[in-house]
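Beneath this line is the structure, given in structure tokens, with notes to follow.
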Amino acid sequence: MKYILILTAIIIIITSCKKEFFAEPENSNEVVFEQFWKGFDKYYPEFQSKKINWDSVYAIYRPQVNSNTTSKQLYDVMRNMLNVLQDRHSAIYIAGYDSSYRYNRVDSLNWIGFDNLKNKYLETTKGNEAVKYAKVRNENVGYIYIGGFEFDDNNYSIIDDIVSEFGNFSGIIIDVRQNEGGALRNAETIASRFADQKRLYKYNKLRTNTLHNDLTDYLPYYIAPKGNKQFTKKIILITNSSSFSAAEELTLMFKSFPYVLHIGDETQGGSGTTPIGIELANGWAYRVSSIQLLTTNKQPITNGIEPNIKIGISQQDINLNNDRILEKAIELAK
Amino acid sequence: MFFLATEIIAQSDSITKKNQIGFGLGLYQAKIKNALVSDFGHKGTQIPAIQISYKRISKSNFHNLQITYTNLKLYSPYRQNYTTDLRPTLAYSYLRKLIDPTQQFSLYLGLTVFGYASFRDVRFNNEDIANNYNTEYTSMLSVSSMATYKIEKNLFEVQANWGGVSFNQRTGYANKVAAETKWQLQSFSNFNEYSLRMAYTRAVSKKINLRIEYNFQFHSFIKPEYLGYLSNCLTISSSFKF
């Protein structure tokens, strides 16, 4: 029995020394600020490409935080720091979901709303909550609207039916305006039904060390045909400044196909997908972009993906439900 | 943790002999600290956890296999932030008797292989604000020692394990952030593992044993991001022999 007690005592002594496990962070404004700043300092991949001196940001904002700083003031400091990054994948979330903030590049939406568009330009619309499709009125052209990639994966397998149904059309319009992204795999499901062969569509770069310019080599990503049938005739892709994240990945996939024309407005831009969420010492949380997304020309998509034909909708046309971008797309897809 | 188990013991009504197969339900408590997503430890308790076990005791060898299934929701001090962790765990010990001076008190020395798959998801403000889904596969090889004391129908066991080497693969965003961390063989310098098992078993009839067992486990990895896990488990078992 003596041996049993000795053994037990040894285990307890050894395990009680794990300070890094048992120590919890102090909850103070200064600690919260430091955690927030250090998270970006450690993981954010675009300081160099955006020419941001993060130490200077620290020098500006750290003095604004002390024990007397209110929660609202601390939140405002963090918002201002996020505005320096101009990156919609990075965000601050307040405990209890009272508020949250992430940068948004404000542009004209160039969007009349799907219901208005449907009533004016389309025949009977089919589909589901994620993917809607219809024949364009009086034209041998198909139209597909994808409002997001965050829905259940099963919604996107409808693309096989659409490709079969639209197989004899002269062209297809794919509209991802107001699509704020979601799961990358769903974007791949869609794009793979329009791929003629395996093609490089983007590079990623990741942070590897503590220095801001310590990034991996260019990591290539490919899109390849999937499904029983692929549509490889004329394709017109429409984006606007709210097309973001997985919708931008989809845009890069389509732009790798030589038979695709991209029209509308630049996408939202920013860094790549897969932000990391991190909890702060006061229960708030933030997320930091972790991957730099680059085109096949190895250019970051910081300012959005440029369309082949840039075209907008005036406020007057929006008021009259005239979608000049869609009209141009129909003209090109005929 | 209270763990209600059923054990089927073959061949003998002796409390220490031959094959035992058990199934049980119980309560499990754990704390996880994942520096990638929080400096806070997230804690949780589960009733019931599920355990299946196989034990074989011969004159000079001791085999013990335990499979434990847990599906925990571990909260940070701020209740709106939490980690879900689905974790099947397997532990197998092989120990060889060193001394048996009295037939009552025995010492064993051997090895334990401990492995688990952890499927984790971290939520802040109850929302998936950034997809922190993380999958981890880990196996650890530990040096084990065990002391047993048998008196009439009572058996006491104390087993301690010290981690030696570990095979730890983390996928998901932890992997992407740190890039090339796949299949990293961890050495003792950046890996810690200690575990303790204490059990008291009493044979109440030719067919039935009763047992109370406590399991403690702690392990941590330093790279690529600190990841620590501590669990406590106290079980009460009823065993059937045939």
Side-chain angles (χ1 to χ4, degrees), chain A residues 1-8 10-12 14-15 17-18 20-27 31 35 42-43 45 89-98 100 102 150 183 204-209 215-216 219 273-291, chain B residues 31-42 76-83 105 107 122-132 145-149 156-162 172-174 176-180 192 194-196 198 216-220 222 225-230:
Chain A
M1 200 50 115
K2 187 172 71 179
Y3 294 97
I4 294 169
L5 293 172
I6 291 169
L7 213 55
T8 307
I10 289 170
I11 292 290
I12 290 168
I14 290 170
T15 55
C17 294
K18 296 288 135 195
E20 66 269 50
F21 184 79
F22 292 102
E24 303 286 12
E26 177 196 351
N27 178 6
V31 168
Q35 285 182 320
K42 186 173 183 180
Y43 296 118
H89 273 124
S90 298
I92 177 73
Y93 296 84
I94 305 304
Y97 231 16
D98 294 333
S100 65
R102 55 182 180 150
E150 75 274 26
N204 277 351
K205 277 188 156 192
L206 319 172
R207 283 285 294 277
T208 55
N209 216 323
L215 298 171
T216 61
L219 306 174
T273 53
T274 62
I276 311 161
I278 303 176
E279 185 178 29
L280 291 163
N282 60 356
W284 296 0
Y286 67 101
R287 66 180 199 179
V288 51
S289 308
S290 63
I291 296 177
Chain B
K31 176 181 175 182
I32 188 168
K33 195 162 191 176
N34 183 358
L36 179 66
V37 296
S38 178
D39 288 334
F40 285 113
H42 289 199
S76 95
Y78 301 96
R79 293 284 295 179
Q80 73 276 12
N81 304 333
Y82 60 85
T83 300
F105 178 74
L107 278 177
V122 184
R123 297 293 171 115
F124 298 119
N125 301 323
N126 292 311
E127 294 288 333
D128 187 13
I129 65 170
N131 195 342
N132 283 302
S145 61
M146 184 173 76
T148 63
Y149 182 71
F156 298 89
E157 296 169 293
V158 175
Q159 180 183 342
N161 308 310
W162 287 269
Y173 296 119
K176 286 186 177 178
V177 168
E180 68 295 37
N192 291 293
Y194 317 104
S195 59
L196 174 70
M198 293 193 292
F216 165 86
Q217 211 246 351
F218 172 81
H219 65 259
S220 65
I222 311 302
E225 302 284 347
Y226 182 84
L227 177 69
Y229 189 81
L230 183 152

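Just so we're clear, the structure is a prediction, and the values are computed from it rather than from any experiment. Just the heavy atoms: all of them, side chains too, but no hydrogens, waters or symmetry mates, feed the values below. First the proteins, then the strands, lettered A, B, ... as listed; each starts at 1.
Atoms CD1 and CZ, from A:Ile94 and B:Phe124 in turn, are 13.5 Å apart once rounded to the nearest 0.5 Å. Remark: B:Asp39 CG to A:Gln35 CD distance equals 5.0 Å, nearest 0.5 Å. The CG atom of B:Leu230 sits 5.0 Å away from the CZ atom of A:Phe22 when rounded to the nearest 0.5 Å.
Looking at every heavy atom in both residues, A:Glu279 comes nearest to B:Ser76 through OE2-OG, 2.6 Å. Closest heavy-atom contact between A:Ile278 and B:Leu36: CG1-O, 3.4 Å.
Classified by interplanar angle (parallel below 30°, tilted 30° to 60°, perpendicular above 60°), the ring pair B:Phe218/A:Phe21 is perpendicular.
Looking only at atom types and distance, the side chain of B:Asn81 has no donor-acceptor partner in the side chain of A:Tyr93 under 3.5 Å away.
Side chains of B:Tyr78 and A:Leu280 form no contact here, defined as non-hydrogen atoms less than 4.5 Å apart.
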Take A:Glu24 and B:Lys31 through the test salt bridge (Lys or Arg N to Asp or Glu O under 4.0 Å) and record every step on the way to the result.
CA-CA 13 Å; A:Glu24 303 286 12; B:Lys31 176 181 175 182; 3.6 Å; yes
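Contact of B:His219 with chain A is not made at all, since no heavy-atom distance falls under 4.5 Å.
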